[in-house]
Peer 1: 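Can you keep this structure in mind? I'll have questions shortly.
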Amino acid sequence: MKLRLVITSGLILITRSIWAQIPALERVEPASWWVGMKNPKVQLIVHGNNIASSTVSLTYTGVKLTAVHKVENNNYLFLDLDITASAKPGQFKILFKKPAGQVLSFNYKLNQRDRSPNRTQGVTNKDLIYLIMPDRFSNGDPANDSKTGMREMKVNRDSMYARHGGDIQGIINHLGYLKDLGVTAVWLTPEIENDEPRASYHGYSVTDHYKIDPRYGTNELYKTFVEKCHALGLKVVKDLVHNHVGTEHWFIKDMPMKSWVHQWPKYTQSNFRDAAVMDPHASPMDKKIMLDGWFDHHMADLNENNPYVQNYLTQNHIWWIEYAGVDGFRLDTYPYNDAAYMADWARKVKAEYPHFSIFGETLVWSVANQAYFTQGNTVNRGFDTQLPGVTDSQIKDAIAEALNGKDGWTDGVHRLYSVLAQDFMYQDPTRNVVFLDNHDMSRFYSIVKEDFTKFKSGMALLLTMRGIPQMYYGDEILMKNLSNPDGLVRLDFPGGWSDDKENKFTAKGRSDKENEAFDYIRTLANYRKNTTALQTGKLMQYIPQDGVYVYFRYDTEKTVMIIYNGNDKPANLHTDRFSERMAGFNTAINVITNEHISDIKEFIIPAKATFVFELKK
Ligand SMILES: [Ca+2]
Ligand SMILES: [Ca+2]
């Protein structure tokens with residue numbers, strides 16, 4: 001029997017088909033593996049016309065074929081291999097003998113692991129992440145803009161929904177720009193193949209897990225990109241989607257089995273309510289719809305309870321770490337996944353790569369909801385997610401409230417103070433990624449209604465906050481817009497295309513104000529890069545008074561004092577009450593202006609401004 005997927009108005013149906021539209025041996029994944037992995041087991045998925053009728057064999061020293069699994073669809077086999085310690089790098093043939101005598105063969109590769117010290121380093125609070133949408137940053141190779149045979153052929157820079165031609169080469173061409181800005185890690189929205197008919201430039205509708213989208217480049221180019229980043233002292237975060245795949249994915253169009261994805265009698269969308277996952281009073285059906293409902297008509301929700309799906313995803317992610325040497329993973333739509341599987345997944349990744357970093361996207365509405373998804377937290381009793389950190393939406397919202405809100409018992413700057421106070425819920429909040437905006441939300445400069453003082457304050461708070469700070473491409477040149485629709489916050493970086501009228505990658509191409517923004521971020525980012533107090537130092541905050549919020553980042557090397565005035569008018573700050581942190585210090589350096597300040601007993605802070613002072617003896 002062969003299962004064929006038919007999608008009608010988003011309803012997923014399985015039908016029997018007698019038509020063989022795939023070759024006798026279409027693909028084997030992963031098509032290569034490594035010797036010397038901690039886990040000696042690997043499970044291959046084999047896809048080919050009626051491949052299940054064949055007898056499988058292989059002969060290679062140290063490699064055992066321990067099981068051959070047949071599933072509902074005869075076009076699939078799953079092969080369990082044991083790659084023992086005695087296996088050497090090399091190639092061997094996997095043979096598929098058909099009943100009529102025909103023998104198909106696949107050349108399997110076992111590679112030597114690359115143990116270079118600058119691979120898989122981990123992305124930590126010592127870093128500053130810069131998020132890029134590859135389609136919208138820079139077009140370094142116009143020859144790959146349109147690829148014959150792909151479902152979306154058109155490049156149209158006038159449409160927010162179409163492809164614009166940006167690619168990996170474009171990012172490689174601007175690594176010097178990022179290095180100069182003070183960035184230490186680059187996160188790309190998914191760069192693997194999204195061969196959907198429309199609007200898949202964002203990368204979250206995967207159609208081939210083992211292939212860089214040809215419009216962005218090749219697997220080899222991606223590997224080169226990672227190597228070039230590492231050579232410059234930059235790290236790379238890879239964006240993964242466990243929860244769903246594009247409905248044009250090859251394994252969705254001809255599914256191994258009905259239980260490969262979550263099936264519903266009729267199209268059922270997730271209710272997008274993470275609370276249903278953790279609510280002690282939740283309706284089981286609400287929870288099921290949250291977890292198993294589809295994200296979108298064109299995004300099939302994978303069944304992460306299916307052991308074949310589990311192996312497929314986990315191995316694919318380990319394959320990319322080992323192949324390219326990336327340093328961290330960002331996990332898309334984290335709360336929509338099966339929790340037990342995700343914990344098992346994280347254990348397996350960490351077992352192979354103890355220094356690897358992982359953070360999950362949790363677009364949720366309270367610290368408790370957010371902490372619930374993190375490893376070893378104090379709210380999710382009895383279950384350890386193994387997820388080191390999350391995207392810290394609470395800090396983002398609290399910074400916006402501190403900048404835009406009116407001072408009150410729980411409002412204005414008090415919001416930021418109280419959100420930070422709730423760090424008691426985390427095992428380690430410094431593994432969270434803090435940010436002001438990203439590709440799914442309004443740009444920060446627009447959130448503060450293009451108020452330049454507030455913009456600078458936000459950046460100062462971000463770059464002195466605990467955790468791993470993340471910026472979004474174009475923040476530094478004051479790119480703006482509200483995310484209505486999303487495309488408005490995903491505009492092309494000016495100068496990324498050879499025919500652009502302006503080139504904001506250079507100081508000459510930027511306006512005075514844009515240069516001021518760029519220089520402000522560069523100064524703070526580079527200061528942070530050389531100041532352990534802002535990376536791994538402790539944080540002590542004081543209860544805001546009269547709309548003024550003060551915190552310190554400090555270690556044995558340095559003490560940095562951050563003062564934000566949330567008022568609409570200048571504020572006077574007497575520093576007597578901070579003696580716990582200021583004792584022994586007599587002067588300060590303004591980190592932005594380099595100005596020496598001889599009197600630190602009292603400060604006048606302009607409305608909505610932030611001072612970052614390094615205290616001196
Ligand atoms: Ca291109
Ligand atoms: Ca799901």
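Computation of the quantities below employed the complete heavy-atom set of this structure, encompassing side-chain atoms and omitting hydrogens, waters and symmetry-equivalent molecules. Atoms within each ligand, like the ligands themselves, are counted from 1 in listed order. Note that this is a predicted model, so its numbers are computed, not measured.
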Peer 1: Parallel, tilted or perpendicular, judged at 30° and 60°: which one describes the rings of H209 and H317?
Peer 2: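 Answer is tilted, since the angle falls between 30° and 60°.
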Peer 1: Which atom name does D167 have for its N/O/S atom nearest to the Ca ion (ligand 1)?
Peer 2: OD2
Peer 1: At the Ca ion (ligand 1), what angle lies between atom OD1 of N144 and atom OD1 of D145, rounded to 10 degrees?
Peer 2: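 The two atoms subtend 100° at the Ca ion (ligand 1).
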Peer 1: Taking the six-membered ring of Y201 (Phe, Tyr or Trp), confirm whether the NZ or CZ of R136 is under 6.0 Å from its centre and within 45° of its axis.
Peer 2: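 Ring-cation test returns yes.
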Peer 1: Mind reading off the angle at the Ca ion (ligand 2) between the OD1 atom of N243 and the OD1 atom of D301, rounded to 10°?
Peer 2: 80°
Peer 1: Please confirm whether Y353 and F329 have ring centers closer than 6.0 angstrom.
Peer 2: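 No: the rings miss the under 6.0 Å criterion.
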Peer 1: Answer yes if the side chains of D301 and Y336 hold a donor-acceptor pair under 3.5 Å, and no otherwise.
Peer 2: no
Peer 1: Using a strict cut-off of less than 4.0 Å between a Lys/Arg side-chain nitrogen and an Asp/Glu carboxylate oxygen, indicate whether D440 and R490 qualify as a salt bridge.
Peer 2: yes
Peer 1: Are any N, O or S atoms from G165 nearer to the Ca ion (ligand 1) than 3.0 Å?
Peer 2: yes
Peer 1: Let me check your reading of the structure: within less than 3.0 Å of the Ca ion (ligand 2), is there an N/O/S atom from T333?
Peer 2: no
Peer 1: Within the stated cut-off of 3.0 Å, is an N/O/S atom of L291 closer than that to the Ca ion (ligand 2)?
Peer 2: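 A backbone or side-chain N, O or S atom of L291 is under 3.0 Å from the Ca ion (ligand 2).
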Peer 1: Compute both the distance and the angle, then confirm whether K238 meets the cation-pi test with Y222: under 6.0 Å from the six-membered ring centre, within 45 degrees of the axis.
Peer 2: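 Yes, cation above the ring, under 6.0 Å and within 45°.
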Peer 1: Would one find an N, O or S atom of E304, in either backbone or side chain, under 3.0 Å from the Ca ion (ligand 2)?
Peer 2: no
Peer 1: Of all the atoms in Y216, is at least one N, O or S atom closer to the Ca ion (ligand 1) than 3.0 Å?
Peer 2: no
Peer 1: Kindly give the atom name of the N, O or S atom of D141 closest to the Ca ion (ligand 1).
Peer 2: O
Peer 1: Any N/O/S atom from Y336 (main chain or side chain) under 3.0 Å of the Ca ion (ligand 2)?
Peer 2: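 Yes.
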Peer 1: Side chains of P134 and I168: does their closest heavy-atom pair fall under 4.5 Å?
Peer 2: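 Result no, sub-4.5 Å side-chain heavy-atom pair not found.
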